[in-house]
Amino acid sequence: MIFDGYKICVLSGFAGFTKMSGEIISKNISKNGGTIIPLPQARNQTSNLTLIIVPEQSDEKMILKVMNLTSLPSCPLVSPNWAINSTNSKTLHDPNDYQIKKTELPIKRQSPQTYQSPPQSPFEAYKTLPLVPLSNSPEMNRTQTNPILNQNNTRLHDDLLQNKDKYMFTKEQPNLNEHITSVLEILMENYFLLRDRGRGFAYRSAIIVLKSHPEKIICGDQVGNLQKVGKKIKKKIQEILETGTLKRVKAMDEQSRLKAIKEFSKIWGVGSATADKLFTLGYRTLDDLRKNIPQFLNDNQRICLELFDEIKERIPREEVKEISDQVVEYAKLLLPNKDIEANTCGSYRRGKETCGDIDILLTFDDVLENKLFLRELVDYLIEKKVVTHVLILSENCKKHESFTFEGIAKKPDGLHRRLDIKIYPRKYYAWALMHFTGSANFNRSIRLFAKNKGLKLTDEGLFPAIRSHGETICGGNLVECYTEEDIFRLFDMPYKPPEQRDL
DNA sequence: GCCT
DNA sequence: CAGTACG
DNA sequence: AGGCCGCTACTG
């Protein structure tokens with residue numbers, strides 16, 4: 001037990017170190033033999049404590065205030081990373097390596113209440129990010145640089161600019177390597193359907209690189225130095241250049257299992273696992289399913305099977321706009337006093353002539369005080385025969401501060417169409433707009449970039465984050481941005497319009 | 001399958 | 001919990 | 001060895 005004999009007080013719930021993270025850390029300490037001294041007790045027996053875990057971004061004054069003491073205890077003040085790293089490595093790290101220096105603490109950082117556009121320079125921008133406990137981790141410093149935590153302005157700036165090149169965020173040119181990527185995309189899709197996630201990932205990232213490559217590849221040697229294109233994929237590319245296709249793909253086309261899985265997984269709500277199950281049960285075609293509906297399909301899957309031939313059709317841009325306008329009009333009717341802001345996102349916002357579905361994002365003031373609004377809107381849309389089916393309707397989110405509708409809509413004379421409506425508070429709106437505008441690959445790329453900077457990017461915003469075993473166990477405060485332009489500025493990238501976010 |  | 005979905 | 005986006009949100 002690595003923490004045997006340790007008496008530890010965990011101070012959380014301020015300076016970017018959340019209560020939740022504090023609890024997780026406390027639990028891990030207890031599990032590994034340590035004793036957690038609750039704050040009230042700790043106050044009275046500071047001399048008994050081995051050490052106190054405090055937020056990285058805390059200063060003397062805050063700690064005194066939280067502990068309700070007039071002078072700091074004599075025991076060491078240690079970063080949460082000490083506990084995290086010790087737990088993870090199952091060896092006791094030296095607390096001295098993680099000490100919060102009492103004298104050098106006051107790097108004051110007041111979180112501004114009023115919003116200002118993020119400044120131009122990435123360093124200036126990062127200064128506005130609340131710090132999270134992490135910087136003292138030697139492991140982190142070795143394996144990656146974390147600009148937020150970096151004290152050196154110049155290095156920070158250079159680091160950000162250098163690493164950016166390695167990530168594909170936007171595609172300025174059209175895809176010059178369609179002849180290759182179209183074949184590899186089939187291979188990728190097949191691997192995901194066969195649940196060979198590893199190869200799926202590999203082909204996905206290689207395809208993104210190839211799509212963004214500024215010259216047309218006509219000879220295998222040209223891919224020699226491309227990121228994510230290794231030996232095997234290079235060989236595949238050569239085969240494609242010589243024969244126009246891949247033996248592997250042809251062989252896969254022959255597999256009746258894969259063929260059926262491919263067909264079934266086009267049904268909304270049916271993925272590779274369910275499709276595979278259907279094949280095992282003897283189903284081979286959609287007609288087989290329609291004739292004898294499998295018991296284990298849920299309501300949503302049944303609805304979407306029934307409407308399959310309509311839902312699968314692409315939606316003309318014009319119709320996306322008509323249905324969106326209708327939805328927004330009704331929303332405004334229901335909340336006449338609110339200044340409702342709306343965007344139709346997805347491929348529509350990226351300028352496509354046809355779209356797979358309709359993706360509407362809404363915001364207004366006090367979204368969280370109108371928890372029933374989405375339900376009312378959906379009821380109204382059903383009454384007005386705009387919405388025909390509800391697949392998903394998040395009623396009231398406790399932890400999460402947004403609302404989701406996924407369902408099916410239809411013009412009086414039109415086909416059934418997939419419709420999504422999301423409502424986010426203004427605070428998250430720009431981040432949500434970016435998320436729902438996509439593309440999916442754009443989101444993946446920029447999120448990975450953020451992640452490698454010690455940040456977490458989601459549909460609800462950008463946060464400083466500590467991860468352990470892939471899980472974020474300690475997050476900082478939201479970085480507020482109210483326009484997409486500001487988000488790009490924060491990442492020190494020139495603004496990219498939605499049309500350039502296809503990857 | 002590729003990268004750290 | 002696994003499975004599926006959204007961009 | 002382990003990650004490859006999100007401690008996504010939802011269903012059954």
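Here is how names work: the chains are called A, B, and so on, in the same order as the sequence lines, proteins then strands, and each is numbered from 1.
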* Rounded to whole angstrom units, what separation is found between the CD atom of Gln301(A) and the C1' atom of dT4(C)? -> 8 Å
* Asked: When we call it a touch if two heavy atoms are under 4.0 Å apart, what does Ser347(A) touch: a base, just sugar-phosphate, or nothing?
  -> nothing
* Hey, is dC5(D) sitting syn or anti, using the within-90° cutoff around 0? -> anti
* Would you kindly give the NZ-to-P distance between Lys231(A) and dC3(B), to the nearest whole Å? => 12 Å
* What is the nucleic acid contact for Asn298(A), judged by heavy atoms within less than 4.0 Å: base, sugar-phosphate only, or nothing? -> sugar-phosphate
* Asked: With a 4.0 Å cut-off on heavy atoms, is Arg350(A) in touch with a base, just the backbone sugar-phosphate, or nothing at all?
  -> sugar-phosphate
* If we call it a pair only when both distances are under 3.5 Å in a Watson-Crick or G-U wobble match, what pairs with dC7(D)? -> none
* Asked: What does Gly198(A) touch in the nucleic acid at a heavy-atom separation under 4.0 angstrom: a base, only the sugar-phosphate, or nothing?
  -> base
* Taking the six-membered ring for Trp, are the ring centroids of Phe373(A) and Phe403(A) within less than 6.0 Å of each other? -> no
* Asked: What residue among Lys496(A), Lys211(A), Lys352(A) forms salt bridge (charged side-chain N to carboxylate O under 4.0 Å, His left out) with Asp502(A)?
  -> Lys352(A)
* To do: Would you please confirm or rule out a distance under 4.0 Å between OP1 or OP2 of dC5(D) and any side-chain N or O of Arg204(A)?
  => yes
* Asked: What is the distance from CD1 of Ile392(A) to P of dG7(C), rounded to the nearest Å?
  -> 12 Å
* Under 4.0 Å: is that the gap between some side-chain N or O of Lys451(A) and OP1 or OP2 of dC4(D)? -> yes
* Asked: Any idea which heavy atoms bring Val229(A) and Lys234(A) closest together, and the distance?
  -> CG1-N, 4.0 Å
* How many Å lie between OH on Tyr203(A) and P on dC3(B), as a whole number? -> 13 Å
* To do: Taking only the side-chain nitrogens and oxygens of Arg447(A), find out if one of them lies under 4.0 Å from OP1 or OP2 of dC4(D).
  => no
* **Nearest-Å distance for atom pair CG/P, residues Leu226(A) and dC2(B)** => 13 Å
* **5′-ward residue of the pair Lys228(A)/Leu391(A) relative to DNA chain D** => Lys228(A)
* Asked: Distance under 6.0 Å and angle within 45° of the ring axis: does Arg317(A) meet both against Tyr348(A)?
  -> yes
* More than 12 non-hydrogen atoms from neighbouring residues, nucleotides or ligands closer than 6.0 Å to CG on Asp309(A), yes or no? -> yes
* Taking the P atom of each, how far is dC5(D) from dT4(B), in whole Å? -> 15 Å
* To do: Using the P atom as the reference point in each nucleotide, state the distance between dA2(C) and dG3(D) in Å, no decimals.
  => 16 Å
* Could you give the NZ-to-P distance, from Lys277(A) to dA2(C), as a whole number of Å? -> 14 Å
* Structure fact -> Taking dC2(B), dC7(D), dC5(D) as options, the one with an atom nearest any side-chain atom of Phe201(A) is dC5(D)
* To the nearest Å, how far apart are Leu503(A) CG and dG7(C) P? -> 16 Å
* Asked: Which part of the nucleic acid, if any, lies within contact of Leu297(A), taking any heavy atom under 4.0 Å across all strands shown: a base, the sugar-phosphate backbone alone, or nothing?
  -> nothing
* What nucleotide among dC6(C), dC5(D), dC7(D) has an atom nearest to a side-chain atom of Asp357(A)? -> dC6(C)
* Asked: Are any of Lys456(A)'s side-chain N or O atoms less than 4.0 Å away from OP1 or OP2 of dC5(D)?
  -> no
* Asked: Which nucleotide in the list dG7(C), dC7(D), dA5(C) gets nearest to the side chain of Trp268(A)?
  -> dA5(C)
* Asked: Is it true that the NZ or CZ of Arg197(A) lies under 6.0 Å from the centre of Phe192(A)'s six-membered ring and within 45 degrees of the ring axis?
  -> no
* To do: Under 4.0 Å between any heavy atoms, over every strand shown, what does Ser205(A) touch: base, sugar-phosphate, or nothing? Just pick one.
  => nothing
* Do the two ring centres, one from Tyr283(A) and one from Phe264(A), sit under 6.0 Å apart? -> no
* To do: Check every strand shown and say whether Asn300(A) touches a base, only sugar-phosphate, or nothing at a heavy-atom separation below 4.0 Å.
  => nothing
* At under 4.0 Å between heavy atoms, what does Ala440(A) touch on the DNA or RNA strands: base, sugar-phosphate, or nothing? -> base
* For atom CD of Glu406(A) and atom C1' of dC6(C), their distance in whole Å -> 6 Å
* Asked: With a non-hydrogen cut-off below 4.0 angstrom, is Arg418(A) in contact with a base, only sugar-phosphate, or nothing?
  -> sugar-phosphate
